[in-house]
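Just below is one structure, and these are the notes that go with it.
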2 protein chains.
Amino acid sequence: MLKSSALETSLDDGSAIKPSARQRLMDASEQLFAEHGWNAVSIRTIVAAAGVNLAALHYHFGSKEQLLSEIFTARAKPIALERIRLLSEIDLDDAPSLERILEAFLRPALTIGSDVRFGGRAFVKLRARLATEPEAVSRRILANAFDESSGEFLHALARALPEIPQAELEWRFHFMLGTMFYTMADAGRIQSLTNGRCDPGRVEDALAHIIPFLAAGFRSKPELKSTIRSRRRPK
Amino acid sequence: MLKSSALETSLDDGSAIKPSARQRLMDASEQLFAEHGWNAVSIRTIVAAAGVNLAALHYHFGSKEQLLSEIFTARAKPIALERIRLLSEIDLDDAPSLERILEAFLRPALTIGSDVRFGGRAFVKLRARLATEPEAVSRRILANAFDESSGEFLHALARALPEIPQAELEWRFHFMLGTMFYTMADAGRIQSLTNGRCDPGRVEDALAHIIPFLAAGFRSKPELKSTIRSRRRPK
DNA sequence: GTCTATAGCTGGATAGAC
DNA sequence: GTCTATCCAGCTATAGAC
């Protein structure tokens, strides 16, 4: 039986390496989880895609859940670090730029791994999937990875927008997460509605549109919301 | 063995009815799918929650997938109809109100079923889950149910915002979907970041915040995006 | 129409040879 | 560390009594 060599990858210097079984498993499962979701992918599918044996997965990772967890922590840390790095370049005390803060938050999340040959984009999708799952496991993993940097950004936004009440800012942060995750998920909805004209998969395009949109939302004065008439009595 | 009567529901007139097995199955599965996702819930769990037999599910629905499909079509149509109804109340030719259009789109999606005793909120979550799944089946179901009304709203937005280019409008519509779905998913992320102060589950609160936020984003002049500097060369 | 029983698979995980 | 062979729990779906 021929072993799969489809997962070999070539580096910038032109040399070709055969990734370790462990690495091939992480790459293949990241891809598959992103595409089909956590529960929909069996480890048998994963080992077939990685060209390794069933037992190898358990040897290297112990369990399917542990595999997901290791993928996630490996990818999440660079994102959080890059966010903090970009944020630190912005002087918050002196005319902080809302747009720059938003870009520091969004760009690492959207672009991470886009310059590696295999599996890069997959993690972006995978993370978006996990973010909308109310399941406890995925939620805990996410919280551990991103709570700290998110807290710092909420703080930075408060400095950049001193006139916006904290509660309002938290709602808007939530809305930002929604637009970010939905863009990352690349669920294909807007492509089908616009015959492909609008494509969230084009990252630079997405960033160029999302930042002004969110900035305007963040800056809007809360008083304006009195124009909304409640059509049903709140319960 | 005692049959479960926990799913009985009482109507406004005070009478108590025992829903049919078919209805109990739909209610229970809607709830469970929303909470744990499509693949994570077995039909054994569903029938146990509904207090019926395993075979009853297949008798009434034929298959698990058909059950999901029936739940979805039953709930989606009222949402689309209510959207269109609210939209028709707005005179688009004469000073169309952006906020009213947004409310007509968002309110039915967020509140549908909130006035029934059981299972109402569940569908909101379920729909948000399906919306972020790239899986073909869920995508097709969603497209069939909502493509038409979404198209009408894109058109209405174009009328209300004649100075915004169509391509820009499509991006912003995509961003609106993201904030809407993430609010509907109620993934708990913002609650944990803010110690529960911000809660997307409070629908009227959510609407009061989301509409001004989105309206500001929709109205912002596209020229402003030149303030964003691309930090990496587009590929 | 409602139930019990079970067929027929596929899932994650492991034992033990090499 | 890598493989084959296998365990067995859990799944969807159906057959057939009542």
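The chains referred to below are lettered A, B, ... by the order of the sequence lines, with proteins before strands, and numbering in each begins at 1.
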Inset, instruction - Calculate the interatomic distance between A:Q23 atom CD and D:dG1 atom C1'; express it in whole Å. - result: 17 Å

Inset, instruction - Kindly calculate the angle separating the two end axes of the helix from C:dG1-D:dC18 to C:dC18-D:dG1, each obtained from five base pairs, and round it to 10 degrees. - result: 10°

Inset, instruction - Taking only the side-chain nitrogens and oxygens of B:H58, find out if one of them lies under 4.0 Å from OP1 or OP2 of D:dA15. - result: no

Inset, instruction - Could you tell me the separation between the CD atom of B:Q66 and the P atom of D:dT14, rounded to a whole number of Å? - result: 13 Å

Legend entry - Check: A:Q191 main-chain N/O paired with A:R197 side-chain donor or acceptor under 3.5 Å: no

Inset, instruction - Figure out the CG/C1' separation between A:L67 and C:dG12, and round it to whole Å. - result: 13 Å

Legend entry - Phosphate-side-chain proximity, A:S42 and C:dT10, N/O vs OP1/OP2 below 4.0 Å: no

Inset, instruction - Nearest whole angstrom, please: distance from the P of D:dG10 to the CD1 of B:I46. - result: 17 Å

Inset, instruction - Could you tell me whether a side-chain N or O of A:S150 sits under 3.5 Å from a main-chain N or O of A:D147, the two making a donor and an acceptor? - result: no

Legend entry - Backbone N/O of B:V124 and side chain of B:R127: donor-acceptor pair under 3.5 Å: no

Legend entry - Closest to side chain of B:S63, choosing from D:dA13, D:dT2, D:dT14: D:dA13

Inset, instruction - Remember a base hit wins even if backbone is also touched, and classify A:V41 as base, sugar-phosphate or nothing at under 4.0 Å, heavy atoms. - result: sugar-phosphate

Inset, instruction - Supply the atom-to-atom distance B:I84 CD1 to B:I79 CD1, rounded to the nearest 0.5 angstrom. - result: 12.5 Å

Legend entry - Length of the CZ-C1' vector between A:F61 and C:dA13, whole Å: 16 Å

Inset, instruction - Give B:A56 one of three labels, base, sugar-phosphate or nothing, depending on what nucleic acid heavy atoms sit under 4.0 Å from its own. - result: nothing

Inset, instruction - Determine yes or no for a side-chain-to-main-chain donor-acceptor pair under 3.5 angstrom, with A:R83 supplying the side chain and A:A104 the backbone. - result: no

Legend entry - Donor-acceptor contact below 3.5 Å, side chain A:T45 vs main chain A:V41: no

Inset, instruction - Using the closest heavy atom to pick a nucleotide of DNA chain C for each, name whichever of A:G62 or A:T45 lands nearer the 5' end. - result: A:T45

Legend entry - Nearest-Å distance for atom pair CZ/P, residues A:R44 and D:dT6: 14 Å

Legend entry - d(CD1, B:I43; C1', C:dC3) in whole Å: 15 Å

Inset, instruction - Taking atom CD of A:Q166 as the centre, report whether more than 12 heavy atoms of other residues, nucleotides or ligands fall under 6.0 Å from it. - result: yes

Inset, instruction - Could you state the atom-to-atom distance from CG of A:N53 to C1' of C:dA15 in whole Å? - result: 13 Å

Legend entry - 5' precedence on DNA chain D between A:L54 and A:Y59 (nearest-nucleotide basis): A:Y59

